[in-house]
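Here the structure comes first, spelled out in structure tokens, and everything after it is commentary.
Naming convention: chains lettered A, B, ... in sequence-line order (proteins, then strands); numbering from 1 in each chain. Basis for what follows: all heavy atoms, side chains included, without hydrogens, waters or symmetry-related copies.
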Number of protein chains: 2
Amino acid sequence: MNNTPVTLKFLAEKLKMSVSTVSKALNNYPTINEYTKQRVQEMARDLHFTPNKSAINLKEKKSHIIGIILPNLLDHYFTRSIYGVEQFATQNGYNVIISQSHDDLKKEIQSANMLLRSRVDGLIVAISKHTQDFSHLDQFENMGTPVVYYARNPSFNLSCHKVLGNTFQGCYQATKFLIDRGHKKIAYLGGPKMINFTHDRFNGYINALNDNQVPFSSELVAYTDFDKENTISAIKNLFANPENMPTALVAFKEPIMFDAMKYLKSINHPDFDKIEYVGFGNTSFISYLDSPPIASIEENPESVGENAIKLLIQLINKEIDLHDYQKLMVDCKLIVHG
Amino acid sequence: MNNTPVTLKFLAEKLKMSVSTVSKALNNYPTINEYTKQRVQEMARDLHFTPNKSAINLKEKKSHIIGIILPNLLDHYFTRSIYGVEQFATQNGYNVIISQSHDDLKKEIQSANMLLRSRVDGLIVAISKHTQDFSHLDQFENMGTPVVYYARNPSFNLSCHKVLGNTFQGCYQATKFLIDRGHKKIAYLGGPKMINFTHDRFNGYINALNDNQVPFSSELVAYTDFDKENTISAIKNLFANPENMPTALVAFKEPIMFDAMKYLKSINHPDFDKIEYVGFGNTSFISYLDSPPIASIEENPESVGENAIKLLIQLINKEIDLHDYQKLMVDCKLIVHG
DNA sequence: ACAATTATTTCAAACGTTTGAAATGTTGTT
DNA sequence: AACAACATTTCAAACGTTTGAAATAATTGT
């Protein structure tokens with residue numbers, strides 16, 4: 001409809017005043033006459049004036065945009081974490097651009113470069129599985145743009161800000177819970193070995209065993225790369241020795257736990273009903289299962305996201321020095337079902 | 001580290017040439033000497049020059065950004081749809097800003113305004129449950145920015161571009177499937193009445209009944225607002241009359257179907273095992289249920305997203321006239337389990 | 001040696017906004 | 001009437017880029 005875009009200049013011409021008066025009127029400068037402000041604001045409303053963010057960003061050298069790079073949006077962990085980020089970001093006048101890497105390093109680099117060009121004021125990133133070189137992310141700090149690593153631990157990157165789930169504590173607590181329920185043979189089904197969390201959780205598991213004088217057996221530990229076949233073969237190994245049958249299982253992630261449960265049920269494992277399961281995730285679906293796990297480890301992703309954005313905004317506001325690297329751990333909570 | 005930002009001007013000074021030469025060299029203008037181009041590009045690489053998108057946008061009056069407004073990211077329908085959008089958008093040089101409305105009209109308006117300020121080149125929107133007035137979205141078209149409504153039907157808005165799931169066809173197919181399996185008493189559990197799809201699906205249901213000479217009974221239709229209590233009371237109504245017991249059920253959405261199934265099982269409904277269920281969604285979780293539904297209606301959200309972005313880009317490129325309103329329907333697919 | 005031609009570079013304005021400094025307008029005081 | 005004191009508005013530069021027109025440099029033909 002409207003051909004001439006409504007700019008300050010356009011308003012100024014209509015009102016027969018200078019561009020700067022219009023600008024200052026809209027920004028409520030005290031030096032501008034009240035009546036003038038009224039006229040300007042009214043005209044701006046009537047003509048649907050919308051300030052051009054590109055122009056403002058250029059002038060202010062600030063984009064009011066926070067970038068998020070994460071592996072994908074199908075994982076509820078990440079979408080829940082965004083909830084925490086978005087809420088706090090919006091409250092503080094920031095918009096959020098989300099970019100999925102699909103766990104592909106190339107896409108992560110692409111996303112990083114596009115966010116760099118967009119001059120985001122800060123970046124929150126959950127790195128891809130394959131990120132070992134950080135140069136595409138270091139660019140931000142080199143330009144003075146703060147970066148907070150979250151959800152996934154960039155262990156190859158020593159000096160950086162991190163907000164992570166306290167996965168050690170989560171797994172410790174779950175294992176302890178099972179020990180307290182009398183289990184002596186607790187299996188640990190880990191995720192891919194290349195993910196740090198796999199080891200952190202294993203450490204939680206083994207520390208809980210040690211602290212409570214439960215003997216460790218390597219036969220009770222197996223790993224899967226999340227692939228269903230792979231999970232089943234891991235489970236087969238865990239339940240291979242009749243002398244050393246697990247009575248409980250701690251799983252890296254609920255989906256693989258469900259695969260494990262389904263498999264054990266399908267082969268009519270004699271002790272299926274007696275085995276107690278705990279996994280990371282706290283999926284809402286659990287309530288629909290006929291034999292639900294005894295407990296879940298809630299990772300509080302919203303809180304991880306919220307802590308990440310809070311830290312990032314402090315860094316942007318220079319309340320914390322860019323190189324005073326922070327590390328935050330967000331505790332997990334054991335949810336006992338039923 | 002770097003205080004002076006690396007701009008074209010900075011490069012130009014370093015290289016002792018004019019800003020325009022540098023700009024043209026980087027953009028590979030044919031009038032620029034090959035050797036000059038080399039020198040410029042090398043210097044740009046060495047100093048990590050990153051063009052400032054705000055400046056470019058301002059100059060070009062194009063943001064290369066597509067905005068998406070949707071209710072939330074916890075619903076897999078939407079995250080799957082984003083997958084389709086993102087892929088095609090990136091291929092065509094567009095970035096995507098996603099904004100959640102949380103089904104709150106106020107937040108939707110906020111999101112719209114922020115995307116308007118960002119001068120997105122196009123908008124894809126799944127409206128909130130409460131959107132009846134479209135002025136916040138009409139602003140885009142008034143500025144010449146195309147809008148594609150998708151996933152949720154803006155039935156109060158007559159002239160607009162739409163890409164929707166063919167929910168009528170999906171429900172028809174599911175009902176027909178159950179009829180073909182011999183069912184005569186098929187219940188329909190609908191969603192909130194204020195959602196259009198509830199009625200479209202009901203129409204699919206009833207048309208399938210009529211086309212196949214299965215008598216309709218209003219006792220076999222109930223609605224829920226997705227709340228668990230509400231779903232249970234709907235189910236109680238459906239199964240209230242012993243003379244008119246459903247033997248199959250078509251549900252608006254799998255989660256409410258699971259609630260229904262859980263309830264029926266919990267009261268030990270005598271025919272629980274015989275009842276056959278079909279719902280919209282095709283959740284991956286189904287495989288973990290002990291008594292899974294017989295089939296699911298796959299809504300192909302990726303395809304809905306892909307069609308939306310394709311249409312939007314055609315509109316942006318003016319291959320389709322802004323006011324030549326398009327309506328696309330993406331068919332559902334019945335997935336029979338087991 | 002000097003136009004004519006072609007290759008290459010630079011100028012300058014523009015995009016829409018912000019903002020300190022300068023200019024102008026209005027009162028009040030003497 | 002002169003002018004200080006304040007209120008209000010305007011000027012002008014800047015942010016980083018693009019781009020057609022103008023300027024300059026290099027090459028060619030005669």
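- Under 3.5 Å, the side chains of S81(A) and E302(A) contain no donor-acceptor pair of N or O atoms.
- Take the nearest nucleotide of DNA chain C for K59(B) and for T31(B): the residue whose nucleotide is more 5' is T31(B).
- When only modelled atom types and interatomic distance are considered, S155(A) and N153(A) share no side-chain donor-acceptor pair under 3.5 Å.
- In this structure, Y29(B) and A55(B) both approach DNA chain D, and ranking their closest nucleotides by distance from the 5' end singles out A55(B).
- Within the 4.0 angstrom heavy-atom criterion, only backbone atoms of the sugar-phosphate kind lie near T7(A); the bases stay farther away.
- Remark: the H48(A) side chain and the Q139(B) side chain contain no N/O donor-acceptor pair separated by less than 3.5 Å.
- Formation of a donor-acceptor pair under 3.5 Å by the D75(A) side chain with backbone atoms of Y77(A) is found in this model.
- K162(A) forms no cation-pi arrangement with Y325(A), by the criterion of a distance under 6.0 Å to the ring centre and an angle within 45° of the ring axis.
- For the pair I32(A) and R119(A), both in contact range of DNA chain D, the more 5′-proximal nearest nucleotide belongs to I32(A).
- Rounded to whole Å, the distance from NZ on K16(B) to P on dT9(C) is 16 Å.
- Nucleic acid contact class of N57(B) (heavy atoms, under 4.0 Å, all strands): none.
- Running 5' to 3' along DNA chain D, contacts with non-hydrogen atoms of chain A at under 4.0 Å begin and end at dT8(D) to dG16(D).
- If you find the closest nucleotide of DNA chain C to S18(B) and to F49(A), the one lying nearer the 5' end belongs to S18(B).
- The residue S54(B) sits apart from the nucleic acid: no heavy atom pair falls under 4.0 Å.
- One side chain, S18(A) or T21(A), offers a donor N or O that lies under 3.5 Å from an acceptor on the other.
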